Protein chains: 2
Amino acid sequence: MPKLERQRLHDTVVEHIRNFIVEGVLAPGMKLNEREICETLGISRTPLREALKVLAAEGLIDIEPNRGASVSKLSETEIWEMFELLSGLEALSGELACERITPTEIADIKALHYAMITCREKNDLSNYYRYNQEIHDRINEAARNSALRQTYTSLNRRIKALRFRSNFDVAKWDKAIQEHEEMLKALDARDGKRLAEILRDHLIEKREAIMKGSIDHPVA
Amino acid sequence: MPKLERQRLHDTVVEHIRNFIVEGVLAPGMKLNEREICETLGISRTPLREALKVLAAEGLIDIEPNRGASVSKLSETEIWEMFELLSGLEALSGELACERITPTEIADIKALHYAMITCREKNDLSNYYRYNQEIHDRINEAARNSALRQTYTSLNRRIKALRFRSNFDVAKWDKAIQEHEEMLKALDARDGKRLAEILRDHLIEKREAIMKGSIDHPVA
DNA sequence: TACATTTATTTTGCATGCAATATGCAATGG
DNA sequence: CCATTGCATATTGCATGCAAAATAAATGTA
């Protein structure tokens with residue numbers, strides 16, 4: 001029998017609001033009025049408030065005592081730091097993936113890679129992004145580490161919620177693709193150190209492309 | 001004026017229960033009865049349930065629909081993976097710390113190191129652990145990355161909740177201390193790659209010391 | 001006795017209600 | 001005209017209540 005997973009209201013609410021935040025329907029800084037959301041979703045405040053607590057724990061919203069919740073708005077420094085952590089997680093993913101990925105998975109990633117290149121040729125930025133993210137995701141999955149997977153996913157959501165439109169110039173785009181080619185080579189050779197290095201630099205460059213470098217970040 | 005921080009009930013409840021779990025008062029697998037806890041803490045179910053949702057999001061408890069919450073019980077594989085992630089986070093911390101740590105902070109860590117060695121000489125395992133953890137914590141802080149700090153802290157809590165009593169033999173103990181000496185050298189030399197390597201190996205050895213290696217973990 | 005079925009009790013999930021705090025607005029004074 | 005005070009409204013935080021599900025207990029049957 002198709003065991004129909006009875007799912008709890010507050011869980012579906014978490015997913016619902018989380019998607020709204022990650023997809024940009026709810027922008028950073030936006031106030032979340034409990035009554036308003038309750039009416040929209042047709043639920044009472046109890047499950048909603050439980051959902052808000054979860055989203056706050058995930059770092060997607062901020063809750064101020066007696067003043068309600070709002071979509072997290074991060075400082076440039078925090079964003080900078082999140083990219084730094086993300087680059088570390090990707091590097092770790094890559095290193096582990098080289099040990100554990102199957103030839104089939106490598107082939108799948110190559111297919112995604114070529115699909116991505118096609119998007120570049122068509123100047124289809126939107127789908128390019130999707131394929132790009134999918135490739136990074138596959139590498140993370142290939143690391144075969146659920147804790148790493150969860151942490152990576154969670155951090156990625158927080159970053160995605162910021163809705164960067166990276167000021168892309170063609171040169172950077174082509175460089176990014178070149179780096180992806182290098183990734184595939186490293187994967188094929190199962191050169192973990194090399195893949196880690198590429199992924200790390202790749203992410204840092206993405207960060208630089210997004211953030212104009214006008215902020216002060218920690219240096220020695 | 002001393003801005004008196006009004007704190008919410010469910011937040012204090014989160015901290016309360018979290019401490020109980022991390023300190024081992026509530027052991028993995030233990031069932032959490034809502035009514036029972038409410039009576040103990042003298043609160044109603046609403047703030048308690050909000051707290052439980054947060055703890056579940058942190059990975060410290062599991063909530064089964066209509067069946068209540070229990071302290072998370074992890075499989076050996078999950079534990080193995082968590083150590084792997086932790087080693088990656090420590091390696092990243094070390095690398096960044098070498099770029100950003102101040103001489104004062106290095107001096108503080110050295111002081112902790114010597115205090116730790118004294119504990120070893122006195123066979124004071126309990127305080128040895130405290131100093132040991134404190135040193136790793138300081139390195140993580142010196143990385144100057146709040147996202148990394150949060151992730152590390154959260155993961156460490158989940159691991160601490162498992163309450164390992166590592167089957168310690170003297171040889172391993174001395175080896176661990178030797179590795180700590182190497183860490184200090186790398187810090188002094190601000191050799192990030194080297195410190196990362198030591199920390200990573202250090203953690204993996206700790207994992208091996210704790211887990212008897214009798215589980216199957218992913219390999220190529 | 002062992003096992004299945006029914007009934008009673010407990011426990012969870014959600015809605016509602018009330019008190020405390022915060023917010024918005026008008027009246028008052030400088 | 002602007003700032004400040006006091007009041008009305010809205011919003012949050014927590015307690016309580018009720019229905020549905022799960023667990024435990026009791027009964028019946030082979």
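When reading the values below, keep in mind they use all heavy atoms of this one structure, side chains included, and skip hydrogens, waters and symmetry mates. This is a predicted model, so every value here is computed, not measured. In the text below, chain A, chain B and the rest are named by the order of the sequence lines, each starting its count at 1.
- Between the CG atom of N33(A) and the P atom of dG24(C) there is a distance of 12 Å, rounded to whole Å.
- Taking the side-chain hydrogen bond (donor to acceptor under 3.5 Å, both in side chains) definition, one finds that E78(B) meets it with S75(B), sequence neighbours left out.
- Considering only the side chain of R67(B), dT23(D) comes nearest among dG13(D), dG13(C), dT23(D).
- Here the side chain of S44(B) is nearest to one of dT16(D), dG13(C), dT11(C), namely dT16(D).
- Atom CZ of F83(A) is surrounded by more than 12 heavy atoms from other residues, nucleotides or ligands within 6.0 Å.
- Comparing dC14(C), dT12(D), dC14(D) against the side chain of P47(A) picks out dC14(C) as the nearest.
- Nucleic acid contact for L32(A): sugar-phosphate only, since backbone atoms but no base atoms lie under 4.0 Å from a heavy atom of the residue.
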All N/O donor-acceptor pairs, side-chain side in residues 88-96 of chain B, below 3.5 Å, sequence neighbours left out:
from: E90(B); atom 1: OE1; to: H136(B); atom 2: ND1; distance (Å): 2.6
from: E90(B); atom 1: OE2; to: H136(B); atom 2: ND1; distance (Å): 3.3
from: E90(B); atom 1: OE2; to: Y152(B); atom 2: OH; distance (Å): 2.8
from: S93(B); atom 1: OG; to: L89(B); atom 2: O; distance (Å): 2.7
from: S93(B); atom 1: OG; to: N140(B); atom 2: ND2; distance (Å): 2.9
from: E95(B); atom 1: OE1; to: R200(A); atom 2: NH1; distance (Å): 3.4
from: E95(B); atom 1: OE2; to: K193(B); atom 2: NZ; distance (Å): 3.1

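- Taking every side-chain heavy atom of E34(B) into account, dG13(C) is the closest of dG13(C), dA22(C), dT11(C).
- Look at H10(A) and you'll find a side-chain N or O under 4.0 angstrom from OP1 or OP2 of dC14(C).
- Following rounding to the nearest Å, L48(B) (CG) and dA15(D) (P) show an atom-to-atom distance of 10 Å.
- Minimum atom distance to the side chain of K31(A) is reached by dT12(D), of the listed dT12(D), dC14(D), dT12(C).
- The separation between E36(A) atom CD and dT11(D) atom P is 8 Å, rounded to whole Å.
- Residues D137(A) and Q133(A) have side chains that bring a donor and an acceptor to within less than 3.5 angstrom of each other.
- Among the nucleotides dC14(D), dT16(C), dA21(D), the one closest to the side chain of N66(B) is dA21(D).
- Note: CD1 (I63(A)) to P (dC14(D)) measures 11 Å, nearest angstrom.
- Distances shorter than 4.0 Å separate some side-chain N or O of R49(B) from OP1 or OP2 on dG13(C).
- Atom CD1 in I37(B) sits about 13 Å away from atom C1' in dT11(C), given to the nearest Å.
- In this entry the distance linking CD1 of I61(B) with P of dT12(C) reads 11 Å, nearest Å.
- Rounded to an integer number of Å, the gap from CZ of R45(B) to C1' of dA15(C) is 12 Å.
- With no hydrogens or angles considered, no side-chain donor-acceptor pair links S87(A) and E84(A) at under 3.5 Å.
- L52(B) has its CG atom 13 Å from the C1' atom of dT11(C), to the nearest Å.
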